[in-house]
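First comes the structure, then the notes that go with it.
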Amino acid sequence: MADCNHDCSSCGESCSSRDKKSLLKKPHEMSDIKKVIAVVSGKGGVGKSMTCALLASAAQNSGKVTAVMDADITGPSIPRMFGVTERAMGSDNGILPVVTEGGVQVMSMNVLLENEAEPVVWRGSLISGTVLQFWTDVIWTGVDIMFIDMPPGTGDVPLTVFQSIPIDGIVVVTTPQDLVGMIVQKAVNMAQMMNIPILGIVENMSYIECPDCGRKISIFGESNVDAIAMEYGIPNVAKLPIDRNLTQAADNGKIEQLENNYLTEFFNKIMKKINKK
Ligand code: ADP
């Protein structure tokens, strides 16, 4: 463009000189965040927040300083799952995340609202702006690994988050009823556009386990998630059962106290993949 001033932050043109990295926002100057993993899904209600909370608990239990950024602004469920009830505090320097009983740093719309039940009826740009402030204005201290609970889908907000925060890898959450192939294809396309690796797929509500004989029953039929993961070269697949203990732990704010996390092994595998980068 003839009148290009090389300031890509104020220009919407996708010209060849646009440096993707130039859209990245710097975290708060007092923050220290080593790795960032985004947890995504094609639609709501498939267990994205559950997966995010289980991965964060697995990380914290393995001794890593862990954080969760709840970017699902209109449907925030992370604080409830971790039993966080207090509000976030500000300091002269910035906003401080709340800390769970187990030590996970959390920032979410729900720890900022005076009344948790208040709906957030905002336009996309305001929502994206808030998520970015979770990155730029919150002081995250000594974080080894941050999980971002993304808003569902591939709309405006996830796109802005992907362009603005340096994400090291993506975990895709689906269920057997989902059109898994299409959702993975969309995630793969988005990841390729952003040049971010997909670390693994979690198939949630994959089966139930018979309490008497322990047999795994695929109530929605056998899924094709393994074949799809292979097709797209996605290295890790985890299958999460429908388990009442998970619902109860999430509803009672005891996700960190779960005896069976289910995703510990998956977490170790994705960490190996991310550390190879
Ligand atoms: P999303 O973030 O994709 O909208 P959530 O993680 O909030 O979905 O899950 C939706 C509901 O389903 C929550 O009440 C959660 O506790 C429950 N849930 C999710 N996964 C499971 C599971 N594997 N077993 C039992 N309940 C689950």
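In each ligand, atom 1 is the first atom listed, and ligand 1 is the first ligand listed. Keep in mind that the numbers below use all heavy atoms, side chains included, and drop hydrogens, waters and symmetry copies.
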query: Hey, which atoms in ligand 1 end up nearer than 4.0 Å to a heavy atom of A250?
result: 16 (O)

Test of proximity, V46 against ligand 1: N or O pairs below 3.5 Å: yes

- request: First locate atom OG of S49, then atom CE of M150, and finally report the distance between them rounded to the nearest 0.5 Å.
  value: 12.0 Å

statement: for atom 25 (C) of ligand 1, nearest protein heavy atom and its distance come out as T247 OG1, 3.1 Å

With a 3.5 Å cut-off and sequence neighbours excluded, list the donor-acceptor pairs that the side chains of residues 252-263 form with protein atoms.
{"from": "N252", "atom 1": "ND2", "to": "Q248", "atom 2": "O", "distance (Å)": "3.1"}
{"from": "E256", "atom 1": "OE1", "to": "T100", "atom 2": "OG1", "distance (Å)": "3.4"}
{"from": "E256", "atom 1": "OE1", "to": "G102", "atom 2": "N", "distance (Å)": "3.3"}
{"from": "E256", "atom 1": "OE2", "to": "T100", "atom 2": "OG1", "distance (Å)": "2.7"}
{"from": "E256", "atom 1": "OE2", "to": "G102", "atom 2": "N", "distance (Å)": "3.2"}
{"from": "N260", "atom 1": "OD1", "to": "Y262", "atom 2": "N", "distance (Å)": "3.1"}
{"from": "N261", "atom 1": "OD1", "to": "L263", "atom 2": "N", "distance (Å)": "2.9"}
{"from": "N261", "atom 1": "ND2", "to": "L54", "atom 2": "O", "distance (Å)": "3.0"}
{"from": "Y262", "atom 1": "OH", "to": "D243", "atom 2": "OD2", "distance (Å)": "2.6"}

message: Does E265 have more than 12 heavy atoms from other residues, nucleotides or ligands lying within 6.0 Å of its CD?
response: no

- prompt: Which ligand 1 atoms are under 4.0 Å away from a heavy-atom of G45?
  reply: 1 (P), 3 (O), 4 (O), 8 (O)

query: When you look at D226 and K239, which way does the salt bridge (charged side-chain N to carboxylate O under 4.0 Å, His left out) test go after all the steps?
result: CA-CA 10 Å; D226 291 303; K239 292 178 184 167; 2.6 Å; yes

- prompt: Mind checking whether S41 has an N or O less than 3.5 Å away from an N or O of ligand 1?
  reply: no

field: Nearest-neighbour protein heavy atom for atom 12 (O) of ligand 1, which is reported as residue plus atom name and distance
entry: M205 CE, 4.2 Å

task: Starting from atom 20 (N) of ligand 1, find the nearest protein heavy-atom neighbour and note its residue, name and distance.
output: N204 ND2, 2.9 Å

message: Looking at E29, I want to see if its CD is surrounded by more than 12 non-hydrogen atoms of other residues, nucleotides or ligands under 6.0 Å.
response: no

field: Within one Ile-Leu-Val-Met-Phe-Trp-Tyr cluster: V46 and I242, side-chain cutoff 4.5 Å
entry: no

- request: Go through the steps to decide whether W135 and I33 satisfy the test side chain to side chain contact (heavy atoms under 4.5 Å, CB included), and finish with yes or no.
  value: CA-CA 10 Å; W135 179 252; I33 308 154; 3.5 Å; yes

- request: With heavy atoms under 4.0 Å as the rule, classify the contact between M81 and ligand 1 as side chain, backbone, both or neither.
  value: side chain

task: Group every Ile, Leu, Val, Met, Phe, Trp and Tyr by side-chain heavy-atom contacts under 4.5 Å, then state whether M205 and V173 land in the same group.
output: no

statement: for atom 15 (C) of ligand 1, nearest protein heavy atom and its distance come out as M50 CE, 3.9 Å

query: Given D243, D72, I78, V202, which one has a non-hydrogen atom that is nearest to atom 24 (N) of ligand 1?
result: D243

- prompt: Does any N or O atom in K48 lie less than 3.5 angstrom from one in ligand 1, N or O only?
  reply: yes

query: Should you measure from each heavy atom of P241, which atoms of ligand 1 turn up under 4.0 Å away?
result: 22 (C), 23 (N), 24 (N)

message: Applying side-chain contact (heavy atoms from CB on, under 4.5 Å), can you list everything that pairs with T141, at least two apart in sequence or on another chain?
response: Q105, I139

query: How far is atom 8 (O) of ligand 1 from its nearest protein heavy atom, and which residue and atom name does that atom have?
result: G47 N, 3.1 Å

